[in-house]
Amino acid sequence: MAFVSVRNLNFAYADGSPALSDVNLTAEKGEFVLICGPSGCGKTSLLKMMKPGLQPRGKTSGSIEFDGRPLNEYGPREAAQSIGIILQNPDSQTVCDSVRSELAFGLESIETPLTVMSKRISETVSYFGIEKLYLKKTAELSGGEKQLVILAAIIAMRPSLLLLDEPSSQLDPVAARQFYDILTRTNRELGITVLVSEHRITDIYAFADKVALMDKGRIVFKDTPGKAAAWAVSGNSESLEALLPVPSALSSYLIQRAVRSSQPPQTSTLPFTVKDAKTLFEGFARERLGVSTDNSDMRGDSYREERQKAVELKNVSYRFSKYDRAVLDSLWLDINYGEILAIVGGNGVGKTTLLRLTAGLIKPSVGRIGITRPSARIAYLPQNPQCMFSYDTVGENLLAAAGEKIGSTALSSGLDICGRVLNNEDAARAAETMTLDGLLEKHPYDISFGEMQRAAIAMLLIRQPDILLMDEPSRGLDHQAKTALSAILRCFRNEKKAVVFVTHDIEFAAEYADSCAMLFDGKIYFRAEPHDFFSGNMCYTTAAHRIAGSVFPNAVTLKDVMELWEKNEKKS
Amino acid sequence: MKNPFDFYHPATVLCYFLFVIPLSIVLFHPVFASVSFLCAAVASLVTAGLKKTGAAMKLCLILSAVIILFNTVFNDNGATVWFRFSGRQILLEGFLYGLCSALVLGSVVLWFTCYTAAVDSDRFLYLFGGIFPNAALLISMTFSQTRIIYSKAAQIDDAQKGLYAQTAKGLRKRILLAGRKISALLDWALEDSIETADSMHSRGYATGKRTKMKFYFFSRRDIAFAIPAFALFALSLVFIARGYADFNYYPFADTIGFSPVQSAAYAVYLLLLMFPLFAAIRESVTWRLSRSEI
């Protein structure tokens, strides 16, 4: 008898829309199960079904057993103690004013005696190594730190099952990795059973004991990570194939080339770590490529073009208050029309500040920001898409952003847009490209974070800006939405508009930017075309470059590697 | 430097301020007022630090200037003419009274600066959370929510400015836009609060009785602080009841007495108000001692 077993679970929301159909899933004690699938595939519903008190309302059939007993036999307190759940949004999950009260919150709620409580809190804080956060206020913490504190608060309650619903979707990659390091450690060392759902899986794929692939409310495949990767590439599911980590995707390509057929590789397992993929790649390279590899320049032609300046930041400094040190310090930067500029850099280096300065939302303490064409329209995508929506449906928000009207007129005309033809062509096109079908009549808060992000981006696009500034546009987007976004950004670039985004997502910057700039110590330390920017770096670079860099030093993206491979293989 | 009150139990600290602040408010005797002002400045320096004390001092200066000027010019209760200014008698007593009022007000501002640094919301709640656990939790949540809502409002303002600033011209549209911002804020806050409620319930909230974690412990250090402080406070009250802190400004200001008993009253008050400094000194001395013994 498995520790957790879900059998023939069906679930439909109260409005009749099915969320889960015939789901079967088991997890042994101490197992780490990764549930992955595209946005809206039912991952969240499945996890919430397993936590008494959070079960969504609707029609349910099937059974869930936990530790040998049906889940509905658990009393509220027992369920609260033994099953922990972590949700997406770190801000709304924190309850208390200070970190230590937050840590004590759950223990206090289940009436833990004082002596036990002190022991649990102190041991958990020490185990997590978050002593530095202990005396802080929760408002002072970053999103990643908040997620860690919540995880610690739950572990202190000694659960035997931990459910996590896309816990890293709102964190930057550095914070996400740190979170997963600790999560996997608790799983390995404390033997807590973990069920985690994610669509950004590169960081944790290797840690999973079992991967369940989910699509449209069903679990379509479940097995070890290697087998799941092999299953996904063998043509079974395109949307799941796109989710695969880069190492698996590259390996799958190589194996496919090796058998020299258009058929997908018939292997039962695929490597999923950079290390294994690198070994495989170098082995294949020795075997199949000539001694002298053609390492042609992978840079496109566009980077040599003369471009017109859109915004000039001259000697810009900014500090939040008199007592703080400057976040940006004598920074010089040109933003050009017809160019996609990616600004990368670590946490708290002032990337967001730089965007807000450019958008004119704050004024520099020193220096000047010159907009070359004063009539240029600037659009700004903030970090949290939630703050973009002020109307009740996605459609109305799009209409309002289209700009003819603000207020009551938009409300009345917004009613008849749903699903049918929008009365504004631009709005319809933006919705279509951002795949917002079926979301138009929903409330912005009833859709997932990724969908919200897409809707917010669509709202900006409708305004047809000349200069588009985006803060972490790829956060929370699955592969499909990222591809859609990048197509739109390219469109913009080709129309000679300026696009700037700041990001932690190196892969995204490498693949889609025309120019990358490194913000560090308040200044732009380095700016170059992505291939110049990322090649030669060991840490701060893409997974494809880490795998193939020793053979193809100029290749940065998966596409580059494939292209070069093709060229060289033909020669030999 | 670390706030020396951090080493004490919140109850000790709160009691101390309950002794000191009322006395500072009621004692208008020039010596008492000066002592209180000077000690408050020192206490604020050692607890709240230079930056906050500086800000409080600025406020004190402005208030003092207003009070002194106002009393000097308009206070007609005195009898000693100091000088004449464009036909108006300027009285010495009025000036003196203004000066002492400024000292009293300044000391209260500084004591409160010190208080906010020493007893933050967390400590305050801790004191009352044991008695009213649910109310304490509610207040703690309100504090954290207030911060979150402020930051959300700022973000919404930014985003909406970016979207609609160019179209929102004219008063009517601007009012409509402001209404939209408020509705967006409410939506967002409500949506998040649903998740907060989920998070609370998933951690066992409202499944029965609660216990309360203890973060502070009453130590010997607290006793060594509280007993002398209380003794000095009681002694001060005795002196005050005997009239040693009385001072008449009108019609003629009393002379400031320095008889032995009167001086003792000053000394007792001074000692009581020097406790924050003593605590700070005690911390650095015990630290040095603990180092030198190695």
Side-chain angles (χ1 to χ4, degrees), chain A residues 51 53-54 75-77 80-81 84-85 87 89 91-98 100-101 104-114 117-118 121 137-139 150 153-154 157 323 356 359 361 377-380 382-384 386-391 400-401 403 406-407 444-445 459-460 463, chain B residues 51 120-122 125-126 129 133 137 139-144 147-148 151-152 154-164 166-168 172-173 176-177 179-181 183-185 187-188 190-196 198-215:
Chain A
K51 171 77 186 175
L54 295 194
R77 186 160 272 183
Q81 185 270 316
I85 188 163
L87 308 166
N89 188 345
D91 291 333
S92 58
Q93 277 181 92
T94 40
V95 177
C96 299
D97 187 29
S98 67
R100 55 183 184 190
S101 315
F105 177 80
L107 292 167
E108 289 174 345
S109 300
I110 55 171
E111 223 184 337
T112 317
L114 190 61
M117 202 143 54
S118 323
I121 291 178
K137 300 263 172 242
T138 42
I150 295 161
I154 289 172
M157 294 170 75
Y323 302 104
R356 296 182 69 220
L361 294 167
R377 281 218 247 186
I378 300 182
Y380 166 67
Q383 228 170 36
N384 287 316
Q386 288 97 323
C387 58
M388 303 274 295
F389 305 109
S390 50
Y391 293 87
I406 287 175
Y445 289 111
M459 283 170 71
L460 288 185
R463 297 198 61 79
Chain B
K51 207 162 89 180
D120 55 8
S121 67
D122 207 44
L125 281 176
Y126 177 77
L137 177 67
I139 296 172
S140 170
M141 285 177 66
T142 314
F143 274 116
S144 74
R147 289 203 189 102
I148 291 169
S151 108
K152 278 183 179 153
Q155 288 179 51
I156 288 177
D157 196 44
D158 264 15
Q160 302 287 321
K161 236 187 247 165
L163 273 173
Y164 303 121
Q166 282 146 330
T167 35
R172 197 178 147 265
K173 283 192 172 174
L176 278 174
L177 187 63
R180 286 277 136 218
K181 281 183 197 167
S183 113
L185 180 63
D187 271 8
W188 193 3
L190 280 177
E191 182 63 23
D192 272 11
S193 66
I194 293 172
E195 226 179 272
T196 310
D198 274 356
S199 167
M200 288 168 74
H201 282 292
S202 74
R203 281 188 269 165
Y205 180 70
T207 55
K209 267 175 82 179
R210 295 176 64 80
T211 44
K212 180 78 193 151
M213 176 64 191
K214 218 170 157 180
F215 292 119

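Below, read A as the first sequence line, B as the second, and so on, with proteins coming before strands; counting in each chain starts at 1. Quick caveat: nothing in here was measured; it's all calculated off a predicted structure.
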Checking [X] against chain B: side chain, backbone, both or neither under 4.5 Å from a heavy atom?
| X | result |
| --- | --- |
| A:L107 | backbone |
| A:F389 | backbone |
| A:P76 | both |

Go through [options] and name the one with the most non-hydrogen pairs under 4.5 angstrom from chain B.
| options | result |
| --- | --- |
| A:A139, A:A153, A:C96 | A:C96 |
| A:I110, A:L114, A:I154, A:D97 | A:D97 |
| A:I85, A:V95, A:T94 | A:V95 |
| A:A379, A:G84, A:S98 | A:S98 |
| A:Q81, A:M157, A:E108 | A:E108 |
| A:S118, A:P444, A:P113, A:A359 | A:S118 |

Q.
If you define the side chain from C-beta out and look only at heavy atoms, does anything of B:H201 sit under 4.5 Å from A:K51?
A.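 They are not in contact (no side-chain heavy atoms under 4.5 Å apart), so the answer is no.
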Q) Taking every heavy-atom pair that is under 4.5 Å apart, which of B:L185, B:D192, B:T142, B:D158 has the most such pairs with chain A? A)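 Counting heavy-atom pairs under 4.5 Å, the top option is B:D158.
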Q.
Please rank B:K214, B:K209, B:M141 by heavy-atom pairs under 4.5 Å with chain A and give me the top one.
A.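 The option with the most such pairs is B:K209.
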**Q.** Portion of B:E191 that has a non-hydrogen atom of chain A nearer than 4.5 angstrom
**A.**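 It is the side chain, since no backbone atom gets that close.
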Q: Answer with side chain, backbone, both or neither: which region of B:S202 has an atom nearer than 4.5 Å to a non-hydrogen atom of chain A?
A: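 Contact with chain A involves both backbone and side-chain atoms of B:S202.
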Q | Whether A:F105 and B:Y205 hold their rings parallel, tilted or perpendicular, with breakpoints at 30° and 60° | A |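 Parallel, since the angle between the ring planes stays under 30°.
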Q | Donor-acceptor contact present, side-chain A:S92 to main-chain B:S193, <3.5 Å | A |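 Side chain of A:S92 to backbone of B:S193: no pair is present.
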Q: Determine, for B:K152 against A:D91, whether the closest basic-nitrogen to carboxylate-oxygen distance falls under 4.0 angstrom.
A: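 Not counted as a salt bridge, because no side-chain N and carboxylate O are separated by less than 4.0 Å.
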Any side-chain donor near an acceptor of the partner, [X] and [Y], under 3.5 Å:
| X | Y | result |
| --- | --- | --- |
| B:S199 | A:Q93 | no |
| B:R203 | A:S109 | no |
| B:Q155 | A:N384 | yes |
| A:S390 | B:R180 | no |

**Q.** Interatomic distance, A:L54 atom CG to B:E195 atom CD [nearest 0.5 angstrom]
**A.**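 Spacing of CG (A:L54) from CD (B:E195) equals 9.5 Å.
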